[in-house]
Structures are given as C-alpha cells and as structure tokens.
Number of protein chains: 2
Amino acid sequence: MLHVAEAARVSVATVSALINGTATVSPELSARIEQAIRDIGYKRNAIARSLKMGTTRTIGLTVPHITNPFFTAVVSVIQQAFDRAGYAVMLCCTDEDLNTQDDQIRLLLDRMVDGLIVARVGDGAILERIVADANVPVVLLDRLCEGVDTDAVVLDNQRAVFDAISYLVNLGHRRIGYITGTSDISPMHDRMTGYCEALQAAGLPVAEELIRSGDFHEIDGYNATMQLLSLHDRPSAIFSANNPMVIGTMKAIRDIGLSCPEDISVACFDDFPWSDVFQPQLTTVAQPVQAIGEQAANLLLDRLAGNRDAPPRKLVLKGRLMIRNSCRPLAAVVQSVSA
Amino acid sequence: MLHVAEAARVSVATVSALINGTATVSPELSARIEQAIRDIGYKRNAIARSLKMGTTRTIGLTVPHITNPFFTAVVSVIQQAFDRAGYAVMLCCTDEDLNTQDDQIRLLLDRMVDGLIVARVGDGAILERIVADANVPVVLLDRLCEGVDTDAVVLDNQRAVFDAISYLVNLGHRRIGYITGTSDISPMHDRMTGYCEALQAAGLPVAEELIRSGDFHEIDGYNATMQLLSLHDRPSAIFSANNPMVIGTMKAIRDIGLSCPEDISVACFDDFPWSDVFQPQLTTVAQPVQAIGEQAANLLLDRLAGNRDAPPRKLVLKGRLMIRNSCRPLAAVVQSVSA
DNA sequence: TGACACATTCGAAACGTTTAGATTAGCTTT
DNA sequence: AAAGCTAATCTAAACGTTTCGAATGTGTCA
C-alpha cells in the first residue's frame, strides 16, 4: 500500500479510504490510485488488516471424520455457505480423539478465527474451558455438550431411532441387534434411548446381549456384528447407530455366509448418496444434511454479524426414515409366535 | 505480551526470547515470566506473529467437490499430514467452476497462506497467472496444468484406463460405452486416450456414438447413460471416467429396466469405500489415495521447509484395477461373432 | 472581509509481535 | 586498574494495515 501511495503521490490513508470506501476520494486521485494499484499489482495484506481490525474473516470447523459421508456432506454445505459470505474455512478432523481436538481448537484459536463450528468429541470439560477462554462464538454441530451453553444444531436422534426400530418391530422383528458408538456423546445416548423406548413401547424386552458398542470405525461394526451373529439365538435384524460401522456390518454378514435381507435385516443411521442404486438398498435414517449445514452456518454468521448477546439457540431437526429393501417382513414368524 | 512483560517487570523482548527460546533468559526472570503468563492466561497472537514473520503456517487446499469420495479421501490424508506438521488447512471447494476457483485462490492468497495444493478446474491460463503472482509454492493435485510448471502428483490415467478397457475387451466386449467429463482437464484427456488406445490395440473401432460427455455430476452420468442405452446397437459395457457419474449410470440402468451385470457391464474410475459390500460390486480403477495425499503434502512441506529452488517434481502414481463382479464375460457372443 | 461549513487529504498512532543493535553488569586478562 | 569478553537484558524499529483528528482548500453567508 505504501508503494501504491508513493506511485499515486498520495498518502496511505487516502489509498485505504478509496479501497474501503470509508471516505470520499476525489475522482482525480481515485484514478491515480487505481492506476497505481493496477501497475503495481497490489493486493491488500489480509494479515495486517486482521491484526488491526481484530477479525480474520475465517472460521474454524472441526469434525470427527471427514470420510464419514454425513460429515462430508455437512462440511460441503458449510463451506459453501461461508464461501458465499466471504469467509474462509479452516477444516480440522479430530479422528474422534479428545487430545487431537484440543490441539486443533487451540490451533484455530491461535490463528484468531472469528468463530468455531464444532462436532465435538469425547468429554466436554476441556471443550467447555477452551470455549469459555476463547472470545469467539461457537456453534455445536450434531453433538451437544454438557456445560457448554451455546448455539447448536442437532437432530432429534431419539425420535429418529424410535421410528426406525418401531418400523422393524412392525415388520415382525422381535430380536433386534443394536450397534452403538462407545463414546458417551449425546447422539449415541439419545439414539440408544430411542431404541430402548421403541422396544418397551412394543412390550419387548431390552436384552443386554443384543447391544454391542464399537469405536465408530468400520472394523468395530464388523466385530460387533460378528458377535451378534454368533449368539445362540441370533437377532433377525440389526440396527447400526453409526454410518461407517454399517459397512462393517455388511461385510460381517457376507463373511459369515448370510445375506441381507433374506437372512437378516439391516437398517442404520445416516443415509448414503448411493443407497438406492446398489443391493441391498439400505433402509436408513436420513439426516437433513443441507438444512443442518445451512442452519449451523447461519447461526454463526448471525453472531458474526454482531448479534452476540442473544441467548443460545438450540435447533433440533427431524430425521427421516428412508424405507428401502434391506429389511424383510417376518409376518409368518410373528403369527406362529403369537398363535 | 505487553501485559505479561509488565507483570513480570521485564521487557517484551525478554518475554519473546523466552517463549521462542531465541536467547537465554536467566532462571529468575524465566520464572517470573512463566508465572505471569499463567496468571494472565496469555496466548500468543498468531496474526501479529504472521505479520512480522511473513509466514502463517497455514496452507490452502482447493478441490472440485469434497463429496466426491476420491477427493474426500485425499483431503482427509492431506489434512492429517499438515496437522502433524503443525499447519492449518484452509479448504475450498470450487464446484468445477473456474470463477469460483479464481475467487477462492485469491481469498487464500489474500490470507497469506504459505502454500497451495490445487486440484484445478477448467482452463489453466488464469491459474497460471495467479500462481506466478503468488509468491508461494504450489502443488498440483490430480490434474496437471499446461503452463504451470510446478510440483505435481497425478495418476497414470492413460495406463489405468487402458488396462480397464483391455480387461473389458478380454471379457469379450466389443462395443464399450465411455462417459467422460466435459472439461478439458488432463485426467479426462489422458483417460480418453487410454480408452482409444485400448480399443485400437484390440483392433476395434473407436465409435463416436459410444462416447458421451457430462459435467461430472450424477445427473450428467444419468443422461449420458440414457443416451447410450437408447442406441440402436447399444453397448454391452459402459466405462465411466468419473466417480459421481457412475452413480447416475447405475440409476439409469435401473430406471430403464436393465440390470448389471446381466444386461450390461459397468466399470468406472475411482474406487468406493463400500465397493465390495453391495451388489453389484463395481469393478473400478482404484487410485492410491493415501499415497497421493501424502506425496502432495510432502512435496509442499519440503518446499515450505526451505527447498524452494529445486526443479519442479512431477510424481506419477499407478492405479490399480479392482476386479469385482459388475462386468460379465461375453465369451458366447464373441465366438458367434467371430465364427 | 471575516467567519463558518464542508469536502478532501494527510500525519501519525495504533494493532501485537520479532529482532537487530545498544546497553549494562560481571568476569577475566594483562 | 584499565581493557576486553561474555551473558543478559533492553530499546526501538519494523511488519502493513486502519482510523482519529488535524490540516488544507473552497465556497457561502452575513
């Protein structure tokens, strides 16, 4: 900017005024300055600007795994929204690891991000402290966090799983295996509650042996499914509460020589873009990823626009059961049992 | 830092020296300073540091679509690599749009990223100029760019498609539909060359009518497939040169009432994480995403470590044909034709 | 012809670091 | 005891912006 000012024979203040439109600059000087900018190929240094202004027009986004199609889709939507608003997005993947998450959030705050969208991981205590220290608005995504009372966008997980399990029950399934994530994050808790309530509402017992937990990865889903399928009285249906884990479930079913839906019905949380092209077409609980991403972005953009003092807003969206062909009716069995 | 210095009754220079270890500080003052840092909860301002140092420890990464599983995987690997190195990653999705790409690269350069990894889009002319202006190292990912002579990591696309088409030919397929991306980016060009060469090597004609192009999206694959399937003498196999488009291909096959592989064989570029779980299990050309991401990160990290003057390095990796069950042998047909 | 308002432009002080070079004090050496 | 080292610390100038308040010039009104 100094060079531009010299070339145009004006002060840097005038150049700044022209660039930002913060004061009227005479046509004559404007022309000279614009010419100088072109000649020199001047680009404003956003770092210096950030230092002075105290804002970076950059936000931080952390998710557990970007390869999880749900997060991939949400990240994509969020990125687009902030791109439109002229913000850059710093993306971090925590790999479901608490320490990694802490490091990354600190990294983002060090870089003075203007705001944070966090699909958190593990225990909330440290997150709580970090967020309190950080003087930036935070939006929780997908997962609430005890002690952190801030804007959030989540799904009505309990209801969504309730509906899915009820669907299986209505098809005649009585023993429904359930695979959950180990970590005690809110969605896992709520989904489990939905499972239990659906069974209870149907007058069915909640059997310990039918509930298996894993660590969110495909291999964990595989192992959990292997255990379920080796039970003496094995389940007729399996619900996987997590998207990548259901791939493991399908592999386990294949490896053990069974097929879906003939031998075992499968449903899971989170939809796949390709669900209705390949066989079996999985019955899933689809999250409204577009809405989730947009709402999260809007909440944060609203805070960034200056609305700092509004009370925390918690948006709860509805999931949608996508019924396909991976779950088989067990009517015959039901009748023989109830007869 | 000023407050810390005052609280510890030292100069800011001493505080800086201690924090960065750039000079020896007496144990006495060190203790006072560390105490003050704790008391105040001081965090170094990375923006001010960047301004002074001329480095942000942040890199920019642009890809066409993050929802394309290939890019999802590569982004994930790259993010991890830079995270380990203490760098932040700014992610942008260009949506295969040239103007968006320009805007985003400018946005990244404005923010003084230390380096850039670009899976480019469209015509390379503007990219060439931007990269020349920007004084940062650039690594091209997946797609080369004429006129931009810089580090790059790409696949041997020609060979990979040659192998895939040859495989189909060996199965007895004579009319092989080919769906490509419209844009004239290097991989599309090379893949097309591989297709033509494989046919020629087998003494087969390259028929215009069997080649369709689309715009990388599922819907484009759908439309292209519809056209191919409506041909009077329709192909017995279809190869889709792009990952999302093959979903469209499968939908079109389903909608038209055919099935794969019984009525038509399908193969495509880029593997899916779930390829071997669902039916049909697609035969694909798998890219070594882990290696691609790591190599790209390493190339850039090497430049960032100071190795600026080394000549541009172009890494060409090999694809791998993953043979599954989406392609059917046509032995009987072949014999009747050649008889 | 002052006095005043208004429109432009400018000088200089921030923002929070890093770092070169100056200063000081305590030793060693001759 | 003067001179020369060394180690520890400090002063002050950058980095490239924004912005406040001052300065300058021009036209209007009494």
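Chain letters run A, B, ... following the sequence lines, proteins first and then strands; every chain starts at 1. Below, all heavy atoms of this structure are taken into account, side chains as well, without hydrogens, waters or symmetry copies.
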Report summary line: Closest to the 5' end of DNA chain D, once B:A23 and B:M53 are matched to their nearest nucleotides, is B:A23

Atom pairs under 3.5 Å: protein N/O with N/O of nucleotides 21-28 of chain D:
none

Query raised in the report: If only side-chain N and O atoms of A:T24 are considered, is one of them under 4.0 Å from the OP1 or OP2 phosphate oxygen of C:dA7?
Result: no

Query - B:M1 CE to C:dT19 C1', straight-line distance once rounded to whole Å - result: 12 Å

**Report entry** Nucleotide nearest B:S11 when distance is taken to its side chain, options D:dT11, D:dT17, C:dA12
**Finding:** D:dT11

Requested in this report: Scan A:S26 against the nucleic acid and name what it touches under 4.0 Å (heavy atoms): base, sugar-phosphate only, or nothing.
Outcome: sugar-phosphate

Query - Candidates D:dA12, D:dC15, C:dT18 - which lies nearest the side chain of B:A13 - result: D:dA12

Report task. For A:L2, report the nucleic acid contact type (base, sugar-phosphate, nothing); a contact means any heavy atom under 4.0 Å. Result -> nothing

Requested in this report: Give a yes/no on whether any side-chain N or O of A:T14 is located under 4.0 angstrom from OP1 or OP2 of C:dT9.
Outcome: no

**Report entry** Of the listed nucleotides C:dT8, C:dT18, C:dC15, the one nearest the side chain of A:K52
**Finding:** C:dC15

**Report entry** Under 3.5 Å side-chain donor-acceptor pair for A:N68 and A:T72
**Finding:** no

Report task. Quickly, which of A:L304, A:T58, A:V136 forms a side chain to side chain contact (heavy atoms under 4.5 Å, CB included) with A:D114? Name it, please. Result -> A:L304

Query raised in the report: Pick from A:T62, A:I66, A:L108: which one makes a side chain to side chain contact (heavy atoms under 4.5 Å, CB included) with A:L91?
Result: A:I66

Query raised in the report: For A:R32 and C:dC10, what is the distance between atoms CZ and C1' respectively, to the nearest whole Å?
Result: 13 Å

Query raised in the report: Are any of A:R44's side-chain N or O atoms less than 4.0 Å away from OP1 or OP2 of D:dT18?
Result: yes

Query raised in the report: Going by heavy atoms in the side chains, are A:L109 and A:I130 under 4.5 Å from each other?
Result: yes

Query raised in the report: Under 4.0 angstrom, heavy atoms only, what part of the nucleic acid is B:I47 near: base, sugar-phosphate, or nothing?
Result: nothing

Report task. Enter the distance from B:C93:SG to A:D83:CG here, rounded to the nearest 0.5 Å. Result -> 8.5 Å

Query raised in the report: D:dT17, D:dT9, C:dT18: which one has an atom nearest the side-chain heavy atoms of A:N45?
Result: D:dT17

Query raised in the report: When B:I117 is tested against each of B:L300, B:D142, B:L299 for side chain to side chain contact (heavy atoms under 4.5 Å, CB included), which residue passes?
Result: B:L300

Report task. Rounded to the nearest angstrom, tell me the gap between atom CG in B:L18 and atom P in C:dT17. Result -> 14 Å

Report summary line: Assign each of B:V12 and A:E28 the nucleotide of DNA chain C bearing its closest heavy atom; nearer the 5' end lies the nucleotide of A:E28

Requested in this report: Between D:dA12, D:dG16, D:dT18, spot the one nearest the side chain of A:N20, thanks.
Outcome: D:dT18

Query raised in the report: What distance do A:I292 atom CD1 and A:F71 atom CZ have between them, rounded to the nearest 0.5 Å?
Result: 9.5 Å

**Report entry** d(CG, A:L29; C1', C:dC10) in whole Å
**Finding:** 11 Å

Query raised in the report: Just by distance, with hydrogens left out, do B:D95 and B:T100 show a side-chain donor and acceptor under 3.5 Å apart?
Result: no

Report summary line: Side-chain contact check for B:V10: nearest option of D:dC10, C:dT19, C:dC10 is D:dC10

Query - C:dG16 OP1/OP2 closer than 4.0 Å to side-chain N/O of B:R49 - result: no

Query raised in the report: So does B:E96 pair up with B:R143, basic N to acidic O under 4.0 Å?
Result: yes

Report task. Identify which one of A:T94, A:I126, A:L127 satisfies the side chain to side chain contact (heavy atoms under 4.5 Å, CB included) criterion when paired with A:I105. Result -> A:L127

Report task. Go through the steps for B:L107 and B:R111 under the test side-chain contact (heavy atoms from CB on, under 4.5 Å), then give the verdict. Result -> CA-CA 6 Å; B:L107 177 99; B:R111 281 171 174 69; 3.2 Å; yes

Query raised in the report: When the distance from CD of A:E6 to P of D:dG16 is rounded to whole Å, what number comes out?
Result: 12 Å

Requested in this report: Would you mind reading off the bend of the helix from C:dT1-D:dA30 to C:dT30-D:dA1 from its two end axes, five pairs each, to 10 degrees?
Outcome: 70°

Requested in this report: Starting at atom CG of A:L51, determine the distance to atom C1' of D:dA14, rounded to an integer number of angstrom.
Outcome: 13 Å

